[in-house]
Amino acid sequence: MIKKVLRLSCLAALMLSGQCKAGSDQKEVLPASAASAVNALLIENIITNTKYHDKIVLDKSAVLIDEYANKCEWSSLFSKGEKILFFYYSNNFCEMCLDQEMQKLKLVPDEYADQVVVLLSVDNNNELKLYKERYKTGFRFYSIGNMELSKNINSLFRPYYFVVDKALNTSMLYIPDKNLAEPSKAYLKEVLGY
């Protein structure tokens, strides 16, 4: 059973990268119905990946700073909904990973922009302004200074997503792979519900 799941996961990764197509004449071929099942399995695995989620503990006393140097508390972010999707990036992470994920985030319909916060760990407010200007999205951008959310996850040097509810509980951690675009798109659609 484990070998079958691993094989399906490998085939799903190949399909998503374009190296294997459902119904193609390549050696590793999946019928269309199996391809759909593999895609569903892959998305389910992405959504339920909680390997690190218990390591993200938000400091309720931490102050967020917007691009105008205004301070705000976590609780003020929830005026429009019960949960918020955070995209976290530190200025010592992979810059190409940030660029690729921001391109995927730009595909989020405008009506969902208030459910997304780009959270940056940057040295000063000017950096925050530069990132906001560079990506030109309707998302809210905030800085948490040099505070790290999770040393374990940050040691991967890659940006990541997570969901926060009003009680500041975190869930649905997702660490994207810069080589695979589809899982990130599927994650965003699942979390935001569009």
Look up atom [atom1] in [X] and atom [atom2] in [Y], then write down how far apart they are to the nearest 0.5 Å.
{"X": "Ile175", "Y": "Tyr88", "atom1": "CD1", "atom2": "OH", "answer": "12.5 Å"}
{"X": "Phe87", "Y": "Tyr174", "atom1": "CZ", "atom2": "OH", "answer": "10.5 Å"}
{"X": "Lys185", "Y": "Leu180", "atom1": "NZ", "atom2": "CG", "answer": "11.5 Å"}
{"X": "Glu111", "Y": "Leu192", "atom1": "CD", "atom2": "CG", "answer": "10.5 Å"}
{"X": "Phe141", "Y": "Glu133", "atom1": "CZ", "atom2": "CD", "answer": "10.5 Å"}
{"X": "Tyr160", "Y": "Phe93", "atom1": "OH", "atom2": "CZ", "answer": "5.5 Å"}

Give a yes or no on this: more than 12 heavy atoms of other residues, nucleotides or ligands lie within 6.0 Å of atom NZ of Lys178.
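It does not: Lys178 NZ has 12 such atoms or fewer within range.
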
Check whether more than 12 heavy atoms from other residues, nucleotides or ligands sit under 6.0 Å from atom CG of Asp110, and answer yes or no.
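Check fails, neighbour count at 12 or below.
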
Side-chain heavy-atom pair [X], [Y] within 4.5 angstrom cut-off:
{"X": "Ile144", "Y": "Leu64", "answer": "yes"}
{"X": "Gln115", "Y": "Val108", "answer": "no"}
{"X": "Tyr187", "Y": "Met172", "answer": "yes"}

Does anything in residues 98-107 pair up under side chain to side chain donor-acceptor pair (under 3.5 Å), and if so which pairs, sequence neighbours excluded?
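Qualifying pairs: Asp99-Arg134, Asp99-Tyr135, Glu101-Lys104, Glu101-Tyr161, Glu101-Ser184.
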
On a heavy-atom basis, which atom in [X] and which in [Y] lie closest, and how many Å separate them?
{"X": "Pro159", "Y": "Cys94", "answer": "CD-O, 4.4 Å"}
{"X": "Leu58", "Y": "Phe162", "answer": "CD2-CE1, 4.3 Å"}
{"X": "Ile65", "Y": "Leu128", "answer": "O-CD2, 3.4 Å"}
{"X": "Arg158", "Y": "Cys97", "answer": "CG-SG, 4.4 Å"}
{"X": "Asp66", "Y": "Asn125", "answer": "O-OD1, 2.9 Å"}
{"X": "Phe157", "Y": "Asn92", "answer": "CD2-O, 3.5 Å"}

Residues Leu105, Thr137; criterion side-chain contact (heavy atoms from CB on, under 4.5 Å); working and verdict
CA-CA 9 Å; Leu105 276 167; Thr137 70; 5.9 Å; no

Do Leu168 and Val117 land in one hydrophobic cluster if side-chain heavy atoms of ILVMFWY residues count as linked below 4.5 Å?
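Cluster IDs for Leu168 and Val117 match.
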
Same cluster for Tyr194 and Phe139 if Ile/Leu/Val/Met/Phe/Trp/Tyr side chains link at under 4.5 Å?
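Yes, it is one cluster - the side chains of Tyr194 and Phe139 are joined through contacts under 4.5 Å.
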
Would you call the rings of Tyr89 and Tyr131 parallel, tilted or perpendicular if under 30° counts as parallel and over 60° as perpendicular?
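Perpendicular.
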
I would like to know whether Asn91 and Leu120 meet side-chain contact (heavy atoms from CB on, under 4.5 Å); could you show each step before the answer?
CA-CA 8 Å; Asn91 60 0; Leu120 301 169; over 6 Å; no

Could you give the side-chain donor-acceptor pairs of residues 71-78 under 3.5 Å, partners two or more places apart or in another chain?
{"unit_1": "Trp74", "atom_1": "NE1", "unit_2": "Asp59", "atom_2": "O", "d": "2.9"}
{"unit_1": "Ser76", "atom_1": "OG", "unit_2": "Glu73", "atom_2": "O", "d": "2.7"}

Donor-acceptor contact present, side-chain Ser121 to main-chain Gly145, <3.5 Å
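Indeed, once roles are kept as given, a pair shorter than 3.5 Å links the two residues.
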
Where do Leu188 and Leu85 land on the side-chain contact (heavy atoms from CB on, under 4.5 Å) test, with the steps shown first?
CA-CA 9 Å; Leu188 292 170; Leu85 173 66; 3.5 Å; yes

